[in-house]
Each structure stands twice: as C-alpha cells, then as structure tokens.
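Sequence lines set the chain letters: A, B, ... in the order given, protein chains first and strands last, and positions in each chain run from 1. All values below come from the heavy atoms of this structure, side chains included, with hydrogens, waters and symmetry mates left out.
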Amino acid sequence: MLASPMPRGDEKRLTPQDEDFSAWYNELVLRAELADRGPVRGTMVMRPYGYRIWELLQGELDARIKATGHENAYFPLFIPESYLHREAEHVEGFAPELAVVTHAGGKDLEERLVVRPTSETVIGEMFAKWIESHRDLPLLINQWANVVRWELRPRLFLRTTEFLWQEGHTAHATEAEARAETATALGFYSEVARDVGALAVVAGDKTASERFAGAVTTMTIEALMRDGRALQAATSHFLGTNFARAFDITFTSEAGVLEHCQTTSWGMSTRMIGGLIMGHGDDKGLVLPPRLAPIQVVVVPIGRDAERAEVVARAEALAGELRAGGVRVRVDDRAHLSPGAKFNEWEQKGVPVRLELGPRDLAAGVATVAERLGEGKVAVALDEVVATMPERLAAFQQALLARSTAFLADRTAPAASLAELAVAVGRGFASILHCGRVECEDTVKEATTATPRCVPHDAPDEEGPCAICGQPSAYGRRVLFARAY
RNA sequence: CGGGGAGUAGCGCAGCUUGGUUAGCGCGCCUGCUUUGGGAGCAGGAGGCCGCGGGUUCGAAUCCCGCCUCCCCGACCA
C-alpha cells in the first residue's frame, strides 16, 4: 500500500524480539492474559492463566520443601519498624524500599509498622521464643506469602511492588548443618528451574557486592534470557549468627553451653514466571514447558454446519481420553473464530501441543498434530495420539530444556580483558578470572553495565591474573558477569 | 530520583503546528446472513469528562500554566 502515516495495520502481531525486546515482553504478558497492571504503580494483577502457572510451580516446589522435612507456617504482614533496625546491614539494605504504615484505626501509630519486605526479623523473633534446646533443632519452616518492596522501576513479574514468593527460614545447631541446608534449598530451585521449567540455570555463590543484606553468603541460580541478559531466579542465604545475635535466637547445647543458632533463609518468587517468559518465548509468543502449562494440549475442531457437530463431539471424546490419562487439555469449540485465528492465539499462549481435528482427519482416523517448538504438522492415528501423549509432552519438555541449555552454553564466553568482557556480555555471560575487589566490579559496571552474577559451583579450578586489573584472582575459579534484570 | 517519549473508544493510532459544524481510522466488541485446514466476508450497530485542574478566547482535543500517570534508558533491587 502507500507509505503514508497510516496505522500499522498489524496490531495482531507481537513486536519482534529483535526490534524491541521490552516491548515484546510487555505486549506478550498482557496479550497472553498472564497479568495486567494494578491501579497502584508497580502492582500486578495475576490473571487466571498466569496464576495457574504459579500454582503449578508452587505445587512442584512445595512438594520438594515438604519432602525434606520443612513445614509451612504463616507469619504476619506487619512488622514493628524497630525489628528491622536490629540487624544493621539488613535495615540498611531494605530501608529505601520499605512501605511503612504510620496511621491506623483512625490515629497515628505509636510505633510505625513496615509491610514486610521479607520476614527474617519477625521469624527471628518467634524462633527466639520457640527454641530453647538442641532438641528443638533444626527448626525448618517455610512460608508462602506476599511481600512489598517499593521498587522504582517496576516490570510485570520481574519487579513488582508487591510479589508472591516462598521464603524458607531455618535454624540449626552448627554452621556445617546450616550451610548444607542452603545447598539443599538451592537444589530445590535448580531442579524446579531445570526439570520443571525446562530453564537452564547456573548455580553459584554471589560475590560480596551482590549478597543479601545481612547474609554471610548468598547462593543463587542465574538464568539467561533470550536477549542475553541474566536473571537471578532464586536465592539461598547462609545467615550465620547475624540474625541469631540480633534476635537472641539461642539454644542450650548437649554440652550445656548457651549458643547462638546458625540460620538460613531462601526464596523463589513470581519473578520465575518472568524468567520462563523471557527464557523460552519467541516472536510468536510464549513457549511453556509442559509441566507448567495450564493447557498442555488444545484441540481445535474444524468444520462447518453439519460437520461441526460431529467434529466437536469427536474432539470432546478425544479430550476426555487425554484427560483420563492426566493430560491438561482444552477443546476450543468457539464457533465465531476461524481455525487460523485459534492457532495463532494458542501459539501466543504457549500451549505445547495442538491437535487439529477436521473432516479429513476423521475420515482418515487421525488427528493433525502441531507442536509449539518447530514448524511442521504430522498426522497421527487417534488412538496413538492418546497413547503417546505423555511421552510426547515429556519429549517436548526435554527438547525445551536442551534448547535452553545449548543457548546458555553458546552465550557464555571466557574473557581475558575488559574489551573481551564487553563483547561477551553483549550476548550473554562473560566468564573471567576476577580479583574479587569491588573496584574491578565497578569498573566493569561503568564500562558495560554488567555485574557479577555468580561464582559457579560446577566450574573447574583455575587461577591467574584478574581480567580487569591483573592482580591475582580470587575464588579459585572463574566468575560470571552479565547484564542483569 | 535524573534523561527521553507518550497520555484521544477495550487495544493500536490520526487529528493539535495554523482554535471553528456532529472528534476520525484500523483491530476488537454486539446483531444478522454467508463462512470455517493459518489471523473470514458483507450489512447494520454500540462504545469518548480528548489524563486531571486552572487560564486565554465568542469558541479549546488543539494555545498557556500547574499537576498526575504510563513507557523506555540510567542509579536501587527477588
């Protein structure tokens, strides 16, 4: 047509990732009906389709948490402001982003209440009350809750003012046991990310500058988004006796000595959903791993008038058989939309498998199968479709993880200088020898906006000069840097 | 909080520079008929405090002042 300033006319298309990754993300979250913006800046409404993903994720993580002896409990939303002040680093870390209640019940409060940004302090207070003897340890508690952090730059799922998460809090008699606990928790996260979310992650330790406020050490899993930026997907903290000393969490040991507990905390949030979107999505929309897909299989009946009734009935029957086999399936029998419109809609929503069922299929006793990864369609005998669906979904899950793993590997490059690092962080992780000094991290950040993401647990031993300053490397292995969300 | 951009129908936008009939277009939505294997067609229809407040003017979506919100880029962060 004419090159006049007409409306784009392709409103149905998603902005391509290459053109504007942020726009792609924002449009997709809205259009796939995962979430919407709330009336208060930075807040998010999780819509049913998005919330279902969270429920599935929750189910997987909760099962692992419970299987290892942790118990769920619930602590209050409001925390006396003074609690935050008891741990110096902790209050310093969170002060800027606290929401504080100053007025309630029609009058000013004697003591201001903070809306929890995390619950170390209240839980510490309660632990102090509950723990007396080594016989009370370890105390293994988890809570599912909302928390509030007044972020300056909100982004749906990735950084919202209020978000949902799980926070584990444990107390132990020995440092070794507490450290082992943080590794166990990180194991939940790695497993959920990889095996359930099909998302490749790097597990490692945070450098001092990236550590949780009040922690001795922080472990993390870092994922790589399709634009080459890293996302911290979950963290696990060894708190030493920092909170035990601040809240007087003590126990009498077997030897009769009064000691401070060693505590941990660890969390995974709704941010993980943002990671799944940006880690797997493409220009057509979401790509959901079957284990987290609210709808694993969509059946699209195709046919007009007389054919329609029969085709829909057969689609329902097929769906019933799949459901009986434990598959989450939906029949899209909306009459006012063309098949093509439905194909595009379900692809945008990331449904792993689509079954097309039309007169031609029925005549041949097959369903036309299209998978969200890959282009083609294949005809598969109806009984076989049902019988093989679990393995088809499992294969999809594996293929998605394999793709994510290959992507992460391909986009991780060693660098021996700031210039090489700059190139590497342009597409993903830069792996460098690092002296461990904040000065060098700052140099990198200023030059490239990249930050240290983690010291990977599975990296081989290696020493040498720091890629930035040339001084001897720390950590005994390479450190990953990237631009991060 | 600094720099940039934008607020007009559910969504995407035009109109504003140079004030002037009833504020348009695409998509979506509703009704009817025809359609159905990759974003259907025709006909009819509904839907607007033009972000908010003030000012200028006979008259403001349009000009002026103030405020608010959203988006993008930075500093802070799960």
Regarding [X], tell me which of base, sugar-phosphate or nothing describes its non-hydrogen contacts under 4.0 Å with the strands shown.
X: A/Glu97; value: sugar-phosphate
X: A/Leu30; value: nothing
X: A/Arg354; value: base
X: A/Gly303; value: base
X: A/Ser22; value: sugar-phosphate
X: A/Lys377; value: base
X: A/Lys445; value: sugar-phosphate
X: A/Thr451; value: nothing
X: A/Thr270; value: nothing

Searching all strands shown, indicate the nucleotide that pairs with [N] (Watson-Crick or G-U wobble; both distances under 3.5 Å).
N: B/G39; result: none
N: B/A14; result: none
N: B/C58; result: B/G20
N: B/A9; result: none
N: B/C1; result: B/G74
N: B/G44; result: B/C30

A/Trp150 atom CH2, neighbour heavy-atom count above 12 within 6.0 Å: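 No - once you tally the heavy atoms of other residues, nucleotides and ligands closer than 6.0 Å, there are 12 at most.
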
Atom CZ of A/Arg330 with >12 non-hydrogen neighbours under 6.0 angstrom: no

What is the distance, to the nearest angstrom, from the [atom1] atom on [X] to the [atom2] atom on [N]?
X: A/Glu27; N: B/C72; atom1: CD; atom2: P; answer: 11 Å
X: A/Glu345; N: B/A40; atom1: CD; atom2: P; answer: 12 Å
X: A/Asp20; N: B/G4; atom1: CG; atom2: C1'; answer: 14 Å
X: A/His237; N: B/C77; atom1: NE2; atom2: P; answer: 13 Å
X: A/Phe94; N: B/C77; atom1: CZ; atom2: P; answer: 9 Å
X: A/Arg334; N: B/G38; atom1: CZ; atom2: P; answer: 17 Å
X: A/Glu307; N: B/U36; atom1: CD; atom2: C1'; answer: 9 Å
X: A/Arg211; N: B/A78; atom1: CZ; atom2: C1'; answer: 18 Å

Side chain of [X], heavy atoms from C-beta onward: which of [options] has the nearest atom to it?
X: A/Ala341; options: B/A75, B/U36, B/G39; answer: B/G39
X: A/Asn344; options: B/G38, B/A78, B/C70; answer: B/G38
X: A/Arg37; options: B/U35, B/C72, B/C70; answer: B/C70
X: A/Thr368; options: B/A78, B/G37, B/C72; answer: B/G37

Measuring to OP1 and OP2 of [N], would you say a side-chain N or O of [X] lies under 4.0 angstrom away?
X: A/Arg41; N: B/C70; value: yes
X: A/Lys206; N: B/C77; value: no
X: A/Arg153; N: B/C71; value: no
X: A/Lys12; N: B/G28; value: yes
X: A/Arg271; N: B/C77; value: no
X: A/Arg304; N: B/U36; value: yes
X: A/Asn26; N: B/C72; value: yes

For the [atom1] atoms, the ones on [N] and on [M], what distance do you get once it is rounded to whole angstrom?
N: B/C13; M: B/A61; atom1: C1'; result: 15 Å
N: B/C63; M: B/U18; atom1: P; result: 9 Å
N: B/C50; M: B/G45; atom1: C1'; result: 23 Å
N: B/G38; M: B/C77; atom1: C1'; result: 43 Å
N: B/G26; M: B/U35; atom1: C1'; result: 22 Å
N: B/G48; M: B/A9; atom1: C1'; result: 6 Å
N: B/U17; M: B/G51; atom1: P; result: 15 Å
N: B/G20; M: B/C67; atom1: P; result: 28 Å

Check: [X] side chain, [N] base, donor-acceptor under 3.5 Å:
X: A/Glu347; N: B/G38; answer: yes
X: A/Arg159; N: B/C77; answer: yes
X: A/Arg13; N: B/G12; answer: no
X: A/Ser338; N: B/A40; answer: no

So, [X] and [Y]: side-chain donor and acceptor under 3.5 Å apart, yes or no?
X: A/Asp361; Y: A/Thr368; value: yes
X: A/Thr15; Y: A/Glu27; value: yes
X: A/Glu167; Y: A/His169; value: yes
X: A/Glu441; Y: A/Ser209; value: yes

A/Val327 and its side-chain contact (heavy atoms from CB on, under 4.5 Å) partner, picked from A/Val353, A/Val386, A/Leu322, A/Ile295: A/Leu322

A/Glu375 vs A/Ala484, nearer the 5' end of RNA chain B by closest nucleotide: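 Nearest-nucleotide comparison on RNA chain B picks A/Glu375.
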
Pi stacking test for A/Phe343 and B/G39: under 5.5 Å apart, planes under 30°: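 Here the ring of A/Phe343 and the base of B/G39 are not stacked, as the 5.5 Å and 30° limits are not both satisfied.
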
Geometric cation-pi criterion A/Arg226 and A/Phe407, 6.0 Å radius, 45° cone: yes

Side-chain (A/Arg211) to main-chain (A/Val216) donor-acceptor, under 3.5 angstrom: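 Confirmed, A/Arg211 side chain pairs with A/Val216 backbone.
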
Sequence neighbours excluded - salt bridge (charged side-chain N to carboxylate O under 4.0 Å, His left out) pairs with any residue from residues 79-91 of chain A: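 Every salt bridge (charged side-chain N to carboxylate O under 4.0 Å, His left out) pair that includes a residue of residues 79-91 of chain A, provided the two are not neighbours, is A/Glu81-A/Arg112, A/Arg86-A/Glu125.
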
